[in-house]
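All remarks here apply to the structure that follows.
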Amino acid sequence: MTEPSLSKETNLLDGLNTAQQHAVTVEPGPVLVLAGPGSGKTRVLTSRIAYLMHALDVAPWHIMAVTFTNKAAREMAHRLEALMGERLRGLTVGTFHATCARILRRETRHLLGYAGDFVIFDRDDQLQLVKQALAELDLDEKKFAPARMLHGISSAKNELVTPEKYAASNYISEVTKRVYGVYQELLVSNNAMDFDDLLLNTVLLFDDRPDILQKYQQQYQHVLVDEFQDTNTTQYELLKRLAAPQNNIFVVGDSDQSIYKWRGADFRNINRFRSHYPEAKLVLLEQNYRSTQIILDAAKAVIRHNADRVDKELFTEREDGTPIVVKEAYNETEEAEMVVDTIHDLMLKGYRAGDCAVMYRTNAQSRAVEEVFLRTSMPYKLVGATRFYGRREIRDVVAYLRVIHNPADAVSLNRILNTPPRGIGAKTQQELEDWARKKGLQPAEALVRLATDPDVQHRIGSRAFRVLSDFGELLHAWLTVRDDATVAELLDLVLEQTAYRNYINDGTEEGEERWANVMEFRSVATLAEDAPLSEFLEQVALVSDVDTLSDEENNAVTLLTLHAAKGLEFPVVFITGLEEGILPHSRSMDDMEELAEERRLFYVGLTRAKDHVYLLHTFRRTFFGDASVATPSRFLGDIPIDLVSGGAISQRREESVSRASSWSWDRNRSVPRSGRQSYNRAWNEEYQPSDRRDYTKPQRTAQAGDDVHRGANAGDGDPQTTKAAPNGKHEPQFRTGQRVRHAKFGDGIVIESKVTGTDEEVTVAFKKEGLKKLAASFANLEEIGD
DNA sequence: ACATAACAGTTTTTT
DNA sequence: ACTGTTATGT
């Protein structure tokens, strides 16, 4: 080792404990880091990357670091930036899904059946496809619940099982197998992939094309993985292939924090890793830098009840701390009120609202908390629940953009065909589909044909034809400007020409809010600047709830599920609903493994806390409409009593019953459920740093690691685009995508320009007035800059 | 074709 | 309680 790199190395290791230093500097090859909560694993990962680059002179483009959430990826990139500045160029830091999506995009031409840019289908889209598959197979949705089918399909994909290899051992799996097959065909015909496909297809591609695999193996000579216990079989197989043959694979995980079994994750991958790489170096990170000793002792006592685990010797230098507080509330409203009261007390002691988090097992539990927080003006930010992009209005506008990007997307087309209502009902839709099938066209192509081919042959009724061709004309216009307009401009056109605002904003408060959400989405699109539509849609598809959480968000309490809490930390943690049936969840109580996972979930919640933990449960919990008596969670009993403050549970219960009888009368006052201010804004910030490349800078020449698509879609040379030639009589003066201004109609975009005899006929989409056909000689159109 | 009413299934966790 | 789907009436 040379002198200068040694000194750099020393700097790098400043402030790391012995185990951390060992992990950072261990020689390349397979490395397994078992990292307890709060043991600085992100720090170790980032320092390891820095070490590879500084001490071992590994080029950044030879390094890939994968995480499970964009937020984790972003944080890692931020820290690396702070550590090393611009030497990061070419480093791959991203989620499994985003990283695979990028690979698949680059290799689209090698994917059987996929033409051009595929889109990513989310769960809603998937369910639509499953329903369609069931219909095609003449199976009853009632008997074969689409959600169940989808779960079976997803599990198969997570296990690297294709429809052909799917083992049908009984009737239900026989049906699943067939549905899986049709579902997969439907995905391909929609030119779409679901989340699982991103991983699965990457592995399949690598297995199919060793030459392509080799290309990526050569590029990614060092692979690092965060939250390794959360990998599923497909992800594990992907890593194995990528890391070979050198096997420079550095994984960090903690089996006690494995909480995604239901999603196919298998912490036994940690064991598989050890047997697959017998030479793997093992590093244990056991010092906790986050929590007080009391919190850590409580967490250890809880997790010790799980069988078949290797006990870690977690320790901290933060001695003592305050006892864990366990409280019983009468019902969920009182529970939330207790949270608010406690936060108020803590604020008198110098804590801020932003220091506090309220965690719960199910999203449904957030409602009561939100209502009380609104009523008491306690600021909060909510992670998840009705996700911003899960809202109807957002899904609508995204569906428009998706159809424009990928006309093969029949699921999205279905959604927008009559949204807003434009007279295309079931019957008209059927006529369109029949005609399209007869002509061998996709429905979207058929629409455009109906609108643009004056000699079109059809037997569609005149009324139906009119509404269809009207819509086809709009679609044609959007498709024409697609490659020249920014996402925001496309969105404006769509909103304007469909009068979407009128449709969604019915004058009610809710309508106002819906429109505000659309405008929020618009500003997201504006922030994306000149990112191509494909990339914008991909980012929209791959954001998660935790991603919406930003640290510098204004000072507000964080409300989130225990699942979403993993990887985060807060000075003060409240966990609500510590009741049998909730935590542990009723669906996980009979199975020992699932129960163990519930316990890990509780463990994850506890270990998020730095200073204070409050555990709440209720006497009466309301489920669907009516309330029933709740039993305190068995997990509470796992905590040694000397770590807990407060009297015996039974005594508190009596108190709360008598309190409740005095004031439970007036509690049905409803609180308006609007004003979920913060997370829209947070969502915005998704588009800021690290994940996104800067398109305003001059482009490097394409190299491995680059997304080669930029705006234009594969296989489409756009013959209509003609460069402006202001002189010649027979050359059109306007080109598609040209921005123009009209004295009366305002600003717009040229959709088409045809030379007709001596004049030029220009079709312009005006932002305010919609589509107009104008004669260039009269219209006096003024060209305006981009 | 669309608006309204009735109804069913839903709620575990998510990239 | 809530949402999305289906039946019914205009």
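In this structure, A:T428 reaches the sugar-phosphate backbone alone: every heavy-atom distance under 4.0 Å involves primed, P, OP1 or OP2 atoms, never a base. Across all strands, A:A541 comes closer than 4.0 Å to no nucleic acid atom at all (heavy-atom distances). Within 4.0 Å (heavy atoms only), A:R600 reaches no atom of the nucleic acid at all. The residue A:K261 sits apart from the nucleic acid: no heavy atom pair falls under 4.0 Å.
The interatomic distance linking A:R263 (CZ) with B:dT14 (P) rounds to 8 Å, in whole Å. Atom CD of A:E597 and atom P of B:dT13 are 13 Å apart (whole Å). The distance between atom CG of A:D230 and atom C1' of B:dT14, rounded to the nearest whole Å, is 11 Å. Atom P of nucleotide C:dT3 and atom CD of A:E393 are separated by 12 Å, given to the nearest angstrom. In this structure, A:K71 places its NZ atom 15 Å from P of B:dT14, rounding to the nearest Å. The CZ atom of A:R599 sits 18 Å away from the C1' atom of B:dT13 (whole-angstrom rounding). In this structure, A:R415 atom CZ and C:dG4 atom C1' are separated by 11 Å, rounded to whole Å. Distance A:D122 CG to B:dT14 P: 14 Å, rounded to the nearest Å.
In terms of phosphate contacts, A:K566 brings no side-chain nitrogen or oxygen within less than 4.0 Å of OP1 or OP2 of B:dT13. For the OP1/OP2 pair of B:dT15 and a distance below 4.0 Å, the side-chain nitrogens and oxygens of A:T69 include no atom meeting the criterion. The shortest distance between the side-chain N/O atoms of A:N363 and the OP1/OP2 oxygens of B:dT14 is below 4.0 Å.
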Interface polar pairs with nucleotides 2-5 of chain B, N/O, under 3.5 angstrom:
residue	atom	partner	partner atom	Å
B:dC2	OP1	A:G423	N	3.2
B:dC2	OP2	A:N418	ND2	2.9

Any N/O pairs under 3.5 Å between the protein and nucleotides 9-11 of chain B? List them or say none.
residue	atom	partner	partner atom	Å
B:dT11	O3'	A:R587	NH2	3.3

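Among the nucleotides C:dT5, B:dT15, B:dA1, the one closest to the side chain of A:H97 is B:dT15.
Salt-bridge check for A:R102 with A:E538: failed, with every basic side-chain N at 4.0 Å or more from each acidic carboxylate O. Classification of A:R415 and A:D125 as a salt-bridged pair fails, no side-chain N sitting under 4.0 Å from a carboxylate O. Using a 4.0 Å cut-off between charged side-chain N and carboxylate O, A:D122 and A:R395 make a salt bridge. Under the 4.0 Å criterion applied to side-chain N and carboxylate O atoms, A:R600 and A:E597 are assigned as salt-bridge partners. A salt bridge links A:K566 to A:D230: one of the charged nitrogens lies within less than 4.0 Å of a carboxylate oxygen.
Under the 3.5 Å distance criterion, the side-chain polar atoms of A:Q365 are matched with a main-chain donor or acceptor of A:T362.
Partners of A:N502 under the side-chain contact (heavy atoms from CB on, under 4.5 Å) rule, at least two apart in sequence or in another chain, are A:A499.
A:E370 and A:Y380 form a side-chain donor-acceptor contact under 3.5 Å, judged by distance and modelled atom types alone. In this model, no donor atom of one side chain and acceptor atom of the other lie less than 3.5 Å apart for A:Q229 and A:D266.
Stacking annotation: A:W262 is stacked on the base of B:dT13 (ring centroids less than 5.5 angstrom apart, interplanar angle below 30 degrees).
In this structure, CG in A:D256 is found 4.0 Å from CZ in A:R309, a value given to the nearest 0.5 Å.
Residues A:S586 and A:T95 each lie close to DNA chain B; by heavy-atom proximity, the contact nearer the 5' end of the strand is made by A:S586.
Taking atom P on both nucleotides, B:dT13 is separated from C:dG4 by 16 Å, rounded to a whole Å.
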